[in-house]
Asker: 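Could you have a look at this structure, given as structure tokens, before my questions?
Here is the naming used below: chain letters follow the sequence lines, and residue numbers restart at 1 for every chain. What you are looking at is a predicted structure, and each value in this text was computed from that prediction instead of being measured.
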Amino acid sequence: MPEGHLEIGAIVTLEKPEFNRLLVAIQEQGYETLGPTIQDDTIQYNRINGLDDLPRGMTSKQDAGYYRLEYSGHNNYFDVTPGPQSWKGQFFPPRTELLTLYRQNKRDWSAEKTQPNQPPTALIGVRPCELAAIQVQDRVFLRNDLSDPLYLSRRERTFILVANCLHPGGTCFCVSMGTGPRSHSGFDLSLTELNDVFLMEIGSEAGRAILADLPWQPAAAFSLQAAERGFEYAIRHMGRTIPDVERLPEALLNDLENQQYDDVAKRCLSCTNCTQVCPTCFCWDVQEVNNLSGSEVRRERVWDSCFNPMYTYVFGGNTRPNTRSRYRQWITHKLASWYYQFGVSGCVGCGRCITWCPAGIDITAEANALLSEVKA
Amino acid sequence: MSKPKVAVYKFSSCDGCQLSILNLEDELLDLAGAVEIAFFLEATRRVLPGPYDIGLVEGSISTPHEAERIQEIRHQVRFLIALGTCATSGGIQALRNFTQVDDLAVIVYEHPDYLHVLDTSTPISQHVKVDLELWGCPVNKYQVLECVAALLQNRTPYLPTHSVCLDCKRRGTVCVMVANGTLCLGPATRTGCGALCPASGRGCYGCFGPAPGAEYATTAHLLQSKEHYPGEAVHLMRNFAGYAPQFREAVDALVGGSENEPAL
């Protein structure tokens, strides 16, 4: 153990094999440790107990409508770019039972609310764009006037270990959205993977407590410099870019009849995939399932989508009756009206909606086309 | 109040939808307690006289005899549910609708002159008024149960119509098109199966029929651009629910006339 005191904000190095002890230390605090693993030829988040569980030496080739895992050419543990799954489901699961109603007789009902029972969870290897997405959803689900108890109970018991990005993927554009390639706050610990060590930054007291008992070393200027060079490389190698992000809110909302919407409507399948892989999309449906005798009703919340034609069906008609209106709603919400609603962009630049669109529709290309068509 | 009487009928079909009802193992006793199974030859030879409150009709109309019988049944049944994709779109046997049935008969039967079939296999709704359509090959047994429960409780059944894609994402199934290049009809297909095929690494073949409001022609063009062999997209779309008007029109737009149409 080195001499000296760790403080929040401190940057130290940890030998790579010591990462196993780091995970154990996190688990000893009562957390289940989830991290990137290979499953179904993609990156999926599962329980990890050590470095051996990580997709070492792997990355993914990503383009519009295209995803393949491939070797990265080096032996890093944290080179994988985001897969189809985001951390969204950790706090806002695809299906949640909200309550169950029981009928004793014709008139008397009793309700049993679902109690939060998620064990404390540590998210290992969260990308800066994904942390930004979690913070966007915090604004949606945890408002001062109204907050979601199930989301809150999961969120407040989560430990976040960020893995900063050195090798972005083909559909990444976090630099345009200002969310990466490096996280500056909102994590308990963050790591930057250098050739032989992990550069660790302490983001919270919980993170400090865990790292304090491990054999960390003070970070030398050389390591800090290597990390900086890595970030510069990442910034230069974004797969996608939106040059004029700050122009988007006004430009998009002032040009709702832009012809680009007719164009994209010819390609869009209205299939909902973009919204489901998006780490900030939060539309849901509430459905009730009752038994044959009507004595028991289960109320569930499930992921839904503004691209589901029935999502906007109300008595008498559909407020967004075609794909053009649905795509316009989605992109103007993500890149424009989200600012006015939540004070932040709804897009973090992770690129999932580009990669996982079967039709290969690219939000950056659409945004740039919309911007270029706007009359100056 | 006496229990509502339920009748289950079979037309041109494989019996799979009827078997789905019988597969409601945990719920079957409750079902038999809530309704009177009055006519269900697949389950029991006991037949109670009509009329019946609920009629579940499996199969398509593909013979002159069936075309007559469905009229009689309509008079016997108060609420008629078309059960499964044969009953809602003509089923896999509606492949004949895209060719000449006589040409097929000589290939299959030694004495095709014994056959008494119609030129087309058509959905129940083309012959009589249908009160509710349940899609699927076979139907989702829980959707059948939900419909019966809704009728008993005098409410609208909860039958979502979104794409299969939404189901894949809810269950965490990786997109077979993006990650494997497998053709999949999920974007244009109605939910109900729970994304059974993609969850097994297969592309959706659209057995729950067209999802209302989906982009059928756009999907068809996209699938064609990702074909592994010429005609793959047409074969996929002209399949179990291929005679559903939305899929039919999308294929028509794709092949642009019969000349360059791939063989069945």
Asker: Which residues in residues 177-189 of chain B have any heavy atom closer than 4.5 Å to a heavy atom of chain A?
Answerer: B/Met177, B/Val178, B/Ala179, B/Asn180, B/Gly181, B/Pro187

Asker: Please classify the contact between A/Gln62 and chain B as side chain, backbone, both or neither, with a heavy-atom cut-off of under 4.5 Å.
Answerer: neither

Asker: So A/His333 and A/Phe282, would you call those rings parallel, tilted or perpendicular, with 30° and 60° as cut-offs?
Answerer: perpendicular

Asker: Under a 4.0 Å N-O cut-off, is there an ion pair linking A/Asp108 with A/Arg103?
Answerer: no

Asker: Please confirm whether A/Arg301 makes a cation-pi placement over A/Trp284, using NZ or CZ under 6.0 Å from the six-membered ring centre and within 45° of the ring normal.
Answerer: yes

Asker: With a 4.0 Å cut-off on N to O distance, would you call A/Arg299 and A/Glu97 a salt bridge?
Answerer: no

Asker: Where does A/Asn318 contact chain B at under 4.5 Å (heavy atoms): side chain, backbone, both or neither?
Answerer: neither

Asker: Kindly indicate, with the supporting measurements, whether the criterion side chain to side chain contact (heavy atoms under 4.5 Å, CB included) is fulfilled by A/Phe173 and A/Ile354.
Answerer: CA-CA 11 Å; A/Phe173 57 106; A/Ile354 306 171; 3.9 Å; yes

Asker: Between A/Asn308, A/Thr272, A/Leu269, which shows the greatest number of heavy-atom pairs under 4.5 Å with chain B?
Answerer: A/Leu269

Asker: Among B/His221, B/Gln153, B/His162, which residue forms the greatest number of heavy-atom pairs with chain A at distances under 4.5 Å?
Answerer: B/Gln153

Asker: Is it the side chain or the backbone of A/Thr275 that comes within 4.5 Å of chain B heavy atoms, both, or neither?
Answerer: neither

Asker: Answer yes when A/Glu130 and A/Arg352 have at least one side-chain N-carboxylate O distance shorter than 4.0 Å, and no when they do not.
Answerer: yes

Asker: Under 6.0 Å from the CZ atom of A/Arg68, do we count more than 12 heavy atoms belonging to anything else shown?
Answerer: yes

Asker: For B/Tyr243, is the NZ or CZ atom of B/Arg248 found under 6.0 angstrom from the centre of its six-membered ring and inside 45 degrees of the ring axis?
Answerer: yes

Asker: Among B/Ser163, B/Cys165, B/Ala149, single out the residue with the greatest number of heavy-atom pairs under 4.5 Å to chain A.
Answerer: B/Cys165

Asker: Among A/Gly89, A/Cys268, A/Ser305, A/Ser270, which has the most heavy-atom pairs under 4.5 Å with chain B?
Answerer: A/Cys268

Asker: Quick check on B/Tyr229: does its OH atom have over 12 non-hydrogen neighbours (other residues, nucleotides or ligands) under 6.0 Å away?
Answerer: yes

Asker: In terms of heavy-atom contacts, does CZ of B/Arg171 have more than 12 from other residues, nucleotides or ligands at under 6.0 Å?
Answerer: yes

Asker: Does atom CG of A/Asp41 have more than 12 heavy-atom neighbours from other groups under 6.0 Å away?
Answerer: no

Asker: Flag the pair B/Arg155 and B/Glu146 as a salt bridge only when some basic side-chain nitrogen lies within less than 4.0 angstrom of an acidic carboxylate oxygen.
Answerer: yes

Asker: Can you tell me which portion of B/Pro212 sits under 4.5 Å from chain A's heavy atoms? Options are side chain, backbone, both or neither.
Answerer: backbone

Asker: Does the side chain of A/Thr280 come under 3.5 Å of the side chain of A/Lys334 through a donor N or O and an acceptor N or O?
Answerer: yes

Asker: With a 4.5 angstrom heavy-atom cut-off, is it the side chain or the backbone of A/Thr323 that approaches chain B, or both, or neither?
Answerer: both

Asker: Checking heavy atoms, do the side chain of A/Arg326, its backbone, both or neither come under 4.5 Å from chain B?
Answerer: side chain

Asker: For A/Arg298, is there an ion pair with A/Glu288 - N to carboxylate O distance below 4.0 angstrom?
Answerer: no

Asker: How would you list, in number order, the residues of residues 17-32 of chain B that have a heavy atom less than 4.5 Å from chain A?
Answerer: B/Asp30, B/Leu31

Asker: Salt-bridged, A/Arg328 to A/Asp262, with N to O below 4.0 Å?
Answerer: no

Asker: At a 4.5 Å cut-off on heavy atoms, which part of A/Pro358 comes close to chain B: side chain, backbone, both, or neither?
Answerer: both

Asker: Which bit of B/Leu222 is near chain A, if near means a heavy-atom gap under 4.5 Å: side chain, backbone, both or neither?
Answerer: side chain

